[in-house]
Amino acid sequence: MSLINTEIKPFKATAFHNGEFVDVTEENLKGKWSVVFFYPADFTFVCPTELGDVADHYEQLQAMGVEVYSVSTDTHFTHKAWHDSSETINKIKFPMIGDPTGRITRNFEVMIEEEGLALRGTFVMNPEGEIKVVETNDLGIGRNAEDLVRKIQAAQFIAANPGQVCPAAWKPGEETLEPSLDLVGKI
């Protein structure tokens, strides 16, 4: 069963954000577009490249009305230590949620049970808390924040324009489609 169009499940966790420890629940993800960005572990190899890439696009995401939450099964203390010791991670301005019990990771169905780590899962939620985009990668496959931005732009467009759909590689300003019997076999 897919998580697409399901509502995020309840959780409560602590995040490292802007030099402080803050509580975060599923309610924080509602009322705006949100991204939950799972990664296996702090102090690893592919993870800092992905988090750095998202950090480089964070200002653009904020301008789009999107908040980002990164999550690993590390603690919020580990997130702070990584933030303090890595130039790449130090540029992160979004909340870094600790999920040492794995509850959030299991809620989003990206837990690798035998390792206690998360797969590389990306989830985009609309302001109502419904999951609209799901991307899950194996551990060795890094993600691209530029494509994440494009997917959010498409999700926001179709939310604002019911009855229209965005074709492959669509970008804002490009032509969309309005599904109809007339289009069948003509694309």
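Hydrogens, waters and symmetry mates play no part in the numbers below; they use all other heavy atoms, side chains included.
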Do the charged groups of [X] and [Y] touch, with an N to O distance under 4.0 Å?
| X | Y | result |
| --- | --- | --- |
| Asp147 | Arg143 | no |
| Lys93 | Glu59 | no |
| Lys32 | Glu128 | no |
| Glu50 | Arg120 | yes |

Under 6.0 Å between ring centres: does that hold for [X] and [Y]?
| X | Y | answer |
| --- | --- | --- |
| Phe77 | Phe21 | yes |
| His76 | Phe16 | no |
| Tyr69 | Phe94 | no |

Test item: [X] side-chain N/O and [Y] main-chain N/O as donor-acceptor pair under 3.5 Å:
| X | Y | answer |
| --- | --- | --- |
| Asn90 | Ser86 | no |
| Glu174 | Pro167 | no |
| Asp99 | Thr105 | yes |

Walk me through it: do Asp56 and Lys91 pass the test salt bridge (Lys or Arg N to Asp or Glu O under 4.0 Å)? CA-CA 8 Å; Asp56 291 342; Lys91 64 185 177 180; 2.8 Å; yes

Give a yes-or-no answer on whether the side chains of Asp74 and His79 include a donor-acceptor pair shorter than 3.5 Å.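 The answer is no; no qualifying pair exists.
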
For the residue pair Ser34 and Glu67, confirm or rule out a side-chain donor-acceptor distance under 3.5 Å. no

